[in-house]
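One structure is given here, and the rest of the page talks about it.
In this chain, numbering begins with 1 at the start of the sequence shown.
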Amino acid sequence: MNKRWILILGAVVAIGPLSIDMYLPGLPTLQRHFGSDPSATQLSLALFFAGLATGQLIYGPVSDRFGRRRPLLFGLALYIVATLGCALAPSMSALIGLRFLQALGGCAGVVMTRAMVRDRFEPQDMARILSLLLLVIGVAPILAPLLGSVVLETLGWQAIFYVQALFAAACLIAVFLNITETHYPPPGTRLSFTSAIKGYAHLLSHRRFMGYALAGGTAQGGMFAYITVSSFVFIEVYGLTPGHYASIFGANAFGLIAASQVNRWLLNSFPAQHVLRAAIAIYLLAGLVLLTATLTGFGGLNGILIPLWICITSLGFTFPNSVAAAMAPFGDRAGAASGLLGTLQFVVAGCTATIVGHWYDGSAVPMAAVIVACGLAANLLLQWVSKAR
């Protein structure tokens with residue numbers, strides 16, 4: 001296994017969480033700067049998720065036809081241009097539109113990385129490699145809020161986007177110099193709108209693919225509900241400083257990373273599907289405790305932080321195993337499978353972000369309620385896919 005290959009791909013995928021998590025401490029500042037309300041500010045997150053969902057549908061079949069490397073380089077270049085535009089945005093409306101373009105560029109790394117790993121590894125090994133990638137990717141959620149709060153307080157919100165653009169430029173150079181092609185389409189392979197639609201229709205009708213993809217996606221949707229309103233909950237409701245909020249965010253990210261490395265060890269003894277089922281059950285149970293604490297006030301701030309940490313930590317098991325289980329039958333169409341899987345997951349993320357932003361009432365209850373709903377849906381989806389065997 002090439003450690004440099006893993007490191008570079010991990011850094012490329014980290015662009016997504018970096019674009020979200022580094023941005024979070026600045027949401028209240030952006031709201032005041034542009035004179036917008038919380039729902040408009042949170043829309044800049046929801047549209048980012050929409051861009052991630054849309055772009056992955058495009059990159060999937062394109063990478064199956066033209067390979068992984070060229071679409072990845074294009075996406076990184078688009079991301080850099082859009083990110084620089086975000087720093088210069090004159091209004092919240094312009095920022096929201098540019099965030100959408102930023103996501104269209106950044107999502108190339110998500111699609112290509114999953115496809116490249118599937119190109120090189122079988123499903124059980126794929127889950128292990130994705131867990132290893134989470135070790136690299138997970139540095140972003142830990143450092144990004146801390147870095148974002150420091151940059152915000154010292155240089156202003158525009159500098160957050162300049163730092164993101166600089167990181168993406170470094171990734172672009174690293175990919176150009178070090179990443180070789182992993183997929184060479186057979187001669188005569190063609191790309192058309194009709195063939196792409198037929199390919200996606202087959203994936204959408206595949207029970208195993210849809211069950212595992214949506215189970216992982218709904219669990220991840222709960223995390224994005226947390227991401228969308230957590231800065232408002234902890235900074236405005238509980239009175240924490242941006243630095244304290246960043247520490248909480250980092251602790252949750254650390255739990256996710258630690259779980260992903262435990263997952264690598266568990267996969268030596270258990271199938272990925274079995275680990276996934278246990279993790280989703282724990283996610284739901286912790287979500288119910290979280291909802292109870294927010295409704296009753298039991299335990300105060302710690303009554304929220306502990307079950308929330310368990311929910312986020314469990315995603316270190318759900319992400320790599322759900323992706324590997326969903327993509328297992330599609331080694332010949334890894335790009336399309338990766339693209340649709342990511343789109344489904346970010347559609348769910350966009351929905352949960354929009355719902356929790358609309359329901360936000362100045363408390364942690366909407367966040368906890370959406371997490372419970374996502375955990376329940378994920379458990380039901382795993383039961384549904386198990387009946388296909």
Side-chain angles (χ1 to χ4, degrees), residues 17 20-21 24 27 38-39 42 45-46 49 138 141 145 213-238 240 245 248-257 259-260 276-319 321-322 344-383:
I20 298 167
D21 303 336
L24 292 179
L27 286 178
S39 61
Q42 290 157 6
L45 275 177
F49 298 150
L214 288 175
T218 51
Q220 186 176 334
M223 181 184 71
F224 281 105
Y226 149 72
I227 287 173
T228 301
V229 299
S230 60
S231 61
F232 293 94
V233 168
F234 292 117
I235 294 175
E236 296 188 350
V237 177
Y238 287 95
L240 302 183
Y245 164 72
I248 291 171
F249 204 92
N252 289 332
F254 178 79
L256 189 153
I257 296 170
S260 70
L276 175 63
R277 284 186 173 82
I280 291 294
I282 292 172
Y283 177 95
L284 175 58
L285 180 61
L288 290 169
V289 174
L290 172 65
L291 180 59
T292 301
T294 60
L295 289 171
T296 64
F298 178 78
L301 181 60
N302 287 332
I304 293 175
L305 292 178
I306 293 172
L308 180 61
W309 183 84
I310 294 173
C311 285
I312 302 303
T313 295
S314 70
L315 296 175
F317 300 101
T318 65
F319 169 74
N321 296 323
S322 64
L344 291 172
Q345 292 185 343
F346 280 106
V347 164
V348 174
C351 289
T352 57
T354 302
I355 290 170
V356 78
H358 179 73
W359 283 354
Y360 178 66
D361 59 357
S363 76
V365 173
M367 177 183 73
V370 171
I371 288 174
V372 169
C374 289
L376 180 60
N379 275 276
L380 292 174
L381 283 162
L382 289 182
Q383 292 181 24

Exercise for review: Report yes if some heavy atom in the side chain of Ile248 is under 4.5 Å from a heavy atom in the side chain of Trp309; otherwise report no.
Suggested key: no
Review point. Can Tyr238 and Val233 be said to form a side-chain contact (heavy atoms from CB on, under 4.5 Å), step by step?
Key: CA-CA 7 Å; Tyr238 287 95; Val233 168; 3.8 Å; yes
Review point. For Thr228, which residues count as a side-chain contact (heavy atoms from CB on, under 4.5 Å) partner, sequence neighbours excluded?
Key: Gln42, Leu45, Phe49, Ala353, Val356
Revision key, fill the gap. OG (Ser230) and CD1 (Ile304) are apart, to the nearest 0.5 Å, by 12.0 Å
Exercise for review: Identify the heavy atoms of Phe319 and Ser322 that sit nearest to each other, and give their distance.
Suggested key: O-OG, 3.2 Å
Practice item. Looking only at non-hydrogen atoms, find the nearest pair between Val237 and Ser363 and report the distance. Key: CG2-N, 4.4 Å
**Study point:** Interatomic distance, Leu344 atom CG to Thr218 atom OG1 [nearest 0.5 angstrom]
**Key:** 11.0 Å
Side-chain donor-acceptor distances from residues 369-381 under 3.5 Å, at least two apart:
unit_1: Asn379; atom_1: ND2; unit_2: Ile280; atom_2: O; d: 3.2
unit_1: Asn379; atom_1: ND2; unit_2: Gly375; atom_2: O; d: 2.8

**Study point:** Rounded distance [0.5 Å steps], OG in Ser260 versus CG in Leu315
**Key:** 11.0 Å
Please list every donor-acceptor pair under 3.5 Å in which a side-chain atom of residues 219-226 meets a protein atom from a residue at least two apart or in another chain.
unit_1: Tyr226; atom_1: OH; unit_2: Asn252; atom_2: ND2; d: 2.9

Point to revise | Residue list, side-chain hydrogen bond (donor to acceptor under 3.5 Å, both in side chains) with Thr294, at least two apart or on another chain | key: none
Check your understanding: Who pairs with Asn302 by side-chain contact (heavy atoms from CB on, under 4.5 Å), at least two apart in sequence or on another chain?
Key -> Leu305
Practice item. Please report the shortest heavy-atom distance between Tyr283 and Cys311, naming the atom on each side. Key: CD1-O, 3.4 Å
Revision key, fill the gap. Heavy-atom nearest pair, Pro307 first then Ala286, reads CB-O, 3.4 Å
Review point. Which heavy atom of Ser231 sits nearest a heavy atom of Leu27, and at what distance?
Key: OG-CD1, 3.9 Å
Study note, to complete from the structure: With Met367 as partner, the option from Val229, Leu291, Thr352 fulfilling side-chain contact (heavy atoms from CB on, under 4.5 Å) is Val229
Exercise for review: Just do the side-chain contact (heavy atoms from CB on, under 4.5 Å) check on Trp359 and Val365 with the steps written out, would you?
Suggested key: CA-CA 9 Å; Trp359 283 354; Val365 173; over 6 Å; no
**Study point:** side-chain hydrogen bond (donor to acceptor under 3.5 Å, both in side chains) partners for Thr292, two or more places apart
**Key:** none
Check your understanding: Do Thr313 side-chain atoms and Ile310 backbone N/O form a donor-acceptor pair below 3.5 Å?
Key -> no
